[in-house]
Amino acid sequence: ENREDMLSSKSDRLTEALEEANKLFIGVSSAREAALDAQFLVLASNLGKEKANELHSEMRAFDSLAFAEDLLTFMGINRIEVEENDGDSEGGSGGYLPSNAWHKLGQETEKYFRRAPSFHYMLGSFKSDPPVPRQRVERQKKAASGKEKRAMPAQLKKMEESHQEATAKEVERILGLLQTHFKNDPETPISFFDLVIDPNSFARTVENIFHVSFIIRDGLARLKLDDDRLPVI
């Protein structure tokens, strides 16, 4: 309703409206009130933008050449030597920056940045040539014959047989222990943990569990839980 009055450069109505909105925002407690505040903020921003566009300032446009000249002066270029060199030569401008010119500029500009600049190489960390492609050497496949598949070293075969014999003998030994206990006391099962666990050897415990599993698999013993939910055999 008061749009024209607020856009006037001689009026402070927009500033007064913003101050009043800040006071009202303290008492906001519902979503509808917050939405109205956001709507007002958008409207006030648009009015402020229009008001700024109508201002007529005497500011000049950015001059890159003037900025470069001021930058060189700040970095410490010797203007006297430049003018003398220009007078001796028939054209073109010269001049050398001090050795600490860029360092001086960096110290000044780092005040306006709150993060560390990233470091990178202009031409890469090193100049590397593309890798030489390797020639692929195809391996000859050996024709596998039936005899080679059936071939087995005599020593390995003998070791496998001895391992199987040792396993069978150990299973028979444990089965004999279970049968003896069952004959002596058929009503009392054996604790599975007491039977297989060797407190001094983890490997021996695993072997015992492995051997007992054959007895249970063949139906010569049965594994169940007692009243305390512990396994018994």
Side-chain angles (χ1 to χ4, degrees), residues 25-35 37-38 106-107 109-233:
F25 186 73
I26 299 175
V28 170
S29 60
S30 63
R32 177 58 182 167
E33 294 172 349
D37 181 78
Q107 286 182 331
T109 55
E110 70 179 1
K111 302 175 183 178
Y112 306 98
F113 296 92
R114 295 186 176 274
R115 63 184 180 91
S118 59
F119 179 79
H120 63 89
Y121 294 93
M122 296 179 65
L123 299 177
S125 58
F126 58 90
K127 184 179 180 181
S128 61
D129 297 327
V132 180
R134 295 183 179 180
Q135 295 182 356
R136 185 176 180 181
V137 180
E138 295 184 358
R139 298 182 179 179
Q140 296 181 356
K141 296 182 179 180
K142 296 182 179 179
S145 61
K147 293 182 179 179
E148 292 179 354
K149 289 183 178 180
R150 292 192 299 268
M152 181 180 294
Q155 184 179 1
L156 178 60
K157 185 176 180 180
K158 186 181 298 184
M159 184 174 63
E160 287 184 352
E161 291 177 354
S162 62
H163 180 70
Q164 291 177 359
E165 292 176 359
T167 301
K169 291 180 180 179
E170 187 65 19
V171 171
E172 292 177 0
R173 186 184 69 86
I174 297 176
L175 179 58
L177 294 176
L178 291 175
Q179 291 174 344
T180 302
H181 176 79
F182 181 75
K183 290 179 181 179
N184 296 333
D185 190 1
E187 301 298 331
T188 305
I190 303 176
S191 172
F192 179 75
F193 293 147
D194 292 342
L195 177 67
V196 299
I197 291 178
D198 186 347
N200 300 320
S201 175
F202 173 76
R204 184 62 180 170
T205 301
V206 175
E207 289 180 358
N208 292 337
I209 297 175
F210 174 70
H211 294 145
V212 172
S213 65
F214 285 99
I215 300 175
I216 298 175
R217 183 199 65 179
D218 296 336
L220 301 175
R222 186 163 58 94
L223 193 66
K224 65 178 183 178
L225 300 178
D226 59 6
D227 296 338
D228 297 329
R229 306 295 295 174
L230 296 175
V232 294
I233 187 169

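The analysis underlying the following values was restricted to heavy atoms, covering all of them including side chains, and did not include hydrogens, waters or symmetry mates. The first residue of the sequence shown is numbered 1, and numbering continues consecutively from there.
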(message) Please report the interatomic distance CG(N208) to CD1(I174), rounded to the nearest 0.5 Å.
(response) 5.0 Å
(request) Scan for salt bridge (Lys or Arg N to Asp or Glu O under 4.0 Å) pairs involving residues 224-233, sequence neighbours excluded, and state none if there are none. (result) none
(request) Looking only at non-hydrogen atoms, find the nearest pair between V232 and S191 and report the distance. (result) CG1-CA, 4.3 Å
(request) List the atom of E33, the atom of S29, and the distance in Å for their closest heavy-atom pair. (result) OE1-N, 2.9 Å
(request) Please report the closest heavy-atom contact between V28 and A34, naming both atoms and the distance. (result) CG1-N, 3.8 Å
(request) Look up atom CZ in F193 and atom CD1 in I233, then write down how far apart they are to the nearest 0.5 Å. (result) 12.0 Å
(request) Mind checking ring-ring contact (aromatic ring centres under 6.0 Å, His included) for F214 and listing every partner two or more places apart, or none if nothing turns up? (result) F210
(request) Find the distance between NZ (K169) and NE2 (H211) and round it off to the nearest 0.5 Å. (result) 12.5 Å
(message) Counting C-beta onward and ignoring hydrogens, is there a side-chain heavy-atom pair between L177 and L195 closer than 4.5 Å?
(response) no
(message) If the condition is side chain to side chain donor-acceptor pair (under 3.5 Å), which residues does E207 pass it with, not counting sequence neighbours?
(response) R204
(request) State, to 0.1 Å, how close D198 and T205 come at their nearest heavy-atom pair, and which atoms those are. (result) N-OG1, 2.8 Å
(request) Measure from the side-chain N and O atoms of D185 to the backbone N and O of H181, and report whether any donor-acceptor pair falls under 3.5 Å. (result) no
(message) With rounding to the nearest 0.5 angstrom, report the CZ to CD1 distance, F192 to I209.
(response) 5.0 Å
(request) Would you sort out whether E170 and R173 count as a salt bridge (charged side-chain N to carboxylate O under 4.0 Å, His left out), showing the intermediate values? (result) CA-CA 5 Å; E170 187 65 19; R173 186 184 69 86; 2.5 Å; yes
